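Here the structure is laid out as structure tokens; the discussion comes afterwards.
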Amino acid sequence: MKRDMDLIRLLLLEIEEKHDGTGRAVNVQVDGRPRDEVTEHLFMLAEAGLIEGRDASHLQGRNFLVLRMTWNGHEFLDGIRDPKIWAETKEGAKKVGAFSLDVFSAIAKGIVKKKIADLSGVEIDL
């Protein structure tokens, strides 16, 4: 299965919205996306260290219980939350021809840094 960065962003937004801090698993669904695709991307997010959870696979198929988003997950999501920044980030990745999580994160940070400098006149390191 090919990694879908749009789905990854949607999953992080969904987890953030539904997580209540109780330690109970978060029921993650994305309308219009097959459950198998969502599950596989949850495993990818866990492997990347963006979420914590448990493999709950069984004889009927793979399943992943999401427990929480990690600090790194929140940091990544905060960088790509804004739809305009997300669109610019995806466009930048297309131009570069690289689609790794690190590249998306670096491009988003660069866009945010430029916006901060343009709006405040202050250049910062992120």
Side-chain angles (χ1 to χ4, degrees):
M1 177 176 299
K2 191 173 182 177
R3 182 173 57 186
D4 182 334
M5 294 303 284
D6 285 315
L7 179 55
I8 285 171
R9 179 177 175 269
L10 290 172
L11 288 169
L12 291 173
L13 288 166
E14 176 84 358
I15 293 165
E16 181 186 57
E17 180 182 325
K18 288 187 173 178
H19 183 257
D20 62 6
T22 63
R24 286 181 289 210
V26 179
N27 183 18
V28 181
Q29 298 174 358
V30 177
D31 291 338
R33 297 296 186 116
R35 184 73 198 152
D36 291 344
E37 181 182 25
V38 169
T39 300
E40 187 60 30
H41 280 74
L42 291 172
F43 274 99
M44 288 184 216
L45 285 168
E47 289 169 355
L50 300 180
I51 63 171
E52 289 181 358
R54 301 286 178 262
D55 184 344
S57 300
H58 45 77
L59 292 176
Q60 277 79 32
R62 287 173 48 92
N63 193 21
F64 191 86
L65 296 176
V66 176
L67 298 177
R68 61 182 289 272
M69 193 180 327
T70 64
W71 181 270
N72 288 336
H74 283 284
E75 287 291 303
F76 181 67
L77 180 58
D78 285 345
I80 62 168
R81 177 184 311 282
D82 181 274
K84 289 180 184 177
I85 290 174
W86 179 240
E88 289 180 50
T89 300
K90 290 192 316 182
E91 188 59 35
K94 283 181 191 173
K95 288 178 183 175
V96 173
F99 302 97
S100 73
L101 189 64
D102 290 338
V103 168
F104 272 82
S105 184
I107 291 170
K109 285 180 183 179
I111 292 167
V112 171
K113 281 175 63 171
K114 184 176 182 328
K115 287 186 183 283
I116 290 169
D118 291 348
L119 294 172
S120 70
V122 176
E123 294 189 23
I124 63 167
D125 284 331
L126 291 177

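Just so it is clear, the model here is predicted, and its values are computed rather than measured.
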>> Between Leu45 and Met5, is there shared hydrophobic-cluster membership here, with clusters defined by ILVMFWY side-chain heavy atoms closer than 4.5 Å?
In response: yes
>> Against Ile111, only a single residue in Ile116, Asp82, Thr89 fulfils side-chain contact (heavy atoms from CB on, under 4.5 Å); can you say which?
In response: Thr89
> Where is the tightest heavy-atom contact between Ala93 and Ile107, given as atom of each residue plus distance?
Replying inline: N-CD1, 3.5 Å
>> Just to verify, which of Glu16, His19, Glu52 counts as forming a side chain to side chain donor-acceptor pair (under 3.5 Å) with Arg68?
In response: Glu52
>> Using the side-chain hydrogen bond (donor to acceptor under 3.5 Å, both in side chains) criterion, which residues pair with Glu91? Sequence neighbours excluded.
In response: none
>> Can a side-chain donor-acceptor contact be found between Ser100 and Asp102 if the only test is distance below 3.5 angstrom?
In response: no
>> Please determine whether a side-chain nitrogen of the Lys or Arg among Glu123 and Lys113 lies less than 4.0 Å from a carboxylate oxygen of the Asp or Glu.
In response: no
> What's the spacing between Gln29 CD and Leu11 CG if we round to 0.5 Å?
Replying inline: 11.0 Å
> For Val66 and Val28, which heavy atoms make the closest approach, and how far apart are they?
Replying inline: CG2-CG2, 3.9 Å
>> As an exercise, state the distance from NZ of Lys18 to CG of Leu13, rounded to the nearest 0.5 Å.
In response: 12.5 Å
>> Side chains of Thr70 and Asn72 only: does a donor on one sit below 3.5 Å from an acceptor on the other?
In response: no
>> Salt bridge or not between Lys115 and Asp118? Use side-chain N to carboxylate O under 4.0 Å.
In response: no
>> Same cluster or not: Leu10 versus Val26, using hydrophobic residues (I, L, V, M, F, W, Y) connected whenever any side-chain heavy atoms lie under 4.5 Å apart?
In response: yes
> Can you name the closest pair of heavy atoms from Leu12 and Gly73 and give their distance?
Replying inline: CD1-O, 4.4 Å
> Taking it one step at a time, do Phe64 and Val38 satisfy side chain to side chain contact (heavy atoms under 4.5 Å, CB included)?
Replying inline: CA-CA 9 Å; Phe64 191 86; Val38 169; over 6 Å; no
>> How about NZ on Lys114, more than 12 heavy atoms from neighbouring residues, nucleotides or ligands closer than 6.0 Å, or not?
In response: no
>> Is the terminal nitrogen or CZ of Arg62 (NZ for Lys, CZ for Arg) located under 6.0 angstrom from the six-membered ring centre of Phe43 and within 45° of that ring's axis?
In response: yes
> Mind checking whether Ile85 and Leu101 sit in one hydrophobic cluster, side chains of I, L, V, M, F, W, Y counted as touching below 4.5 Å?
Replying inline: no
> So, do Trp86 and Phe104 have ring centers that fall under 6.0 Å from each other?
Replying inline: yes
>> Minimum heavy-atom separation for Leu67 and Gly23, please, with both atom names.
In response: CD2-O, 3.9 Å
>> Taking CZ in Arg35 as the centre, count heavy atoms belonging to other residues, nucleotides or ligands within less than 6.0 Å. Is the count above 12?
In response: yes
>> Looking at every non-hydrogen atom in both residues, tell me the closest pair between His41 and Ile8 and how far apart they are.
In response: CD2-CG1, 3.8 Å
> Could you give the distance from CD1 (Ile80) to NZ (Lys90), rounded to the nearest 0.5 Å?
Replying inline: 10.0 Å
>> Hydrophobic clusters here meaning ILVMFWY residues chained together by side-chain heavy-atom distances under 4.5 Å, can you tell me if Phe76 and Leu7 are in one?
In response: yes
> For Lys94 and Phe99, what are the C-alpha separation, side-chain angles and deciding distance, and is it a side chain to side chain contact (heavy atoms under 4.5 Å, CB included)?
Replying inline: CA-CA 8 Å; Lys94 283 181 191 173; Phe99 302 97; 4.2 Å; yes
> How long is the gap from CD on Glu14 to CE on Met69, to the nearest 0.5 Å?
Replying inline: 10.5 Å
>> Before you tell me yes or no, could you show the steps for Leu77 and Leu50 under side chain to side chain contact (heavy atoms under 4.5 Å, CB included), namely the whole-Å CA-CA distance, both residues' side-chain angles and the distance that decides it to 0.1 Å?
In response: CA-CA 9 Å; Leu77 180 58; Leu50 300 180; over 6 Å; no
> For the residue pair Asp55 and Asn63, what are the closest heavy atoms and their distance?
Replying inline: OD1-O, 3.5 Å
>> Any carboxylate oxygen within less than 4.0 angstrom of a Lys/Arg side-chain nitrogen, looking at Glu88 and Lys84?
In response: no
>> salt bridge (charged side-chain N to carboxylate O under 4.0 Å, His left out) for Asp6 and Arg9? Distances and angles first, verdict last.
In response: CA-CA 5 Å; Asp6 285 315; Arg9 179 177 175 269; over 6 Å; no
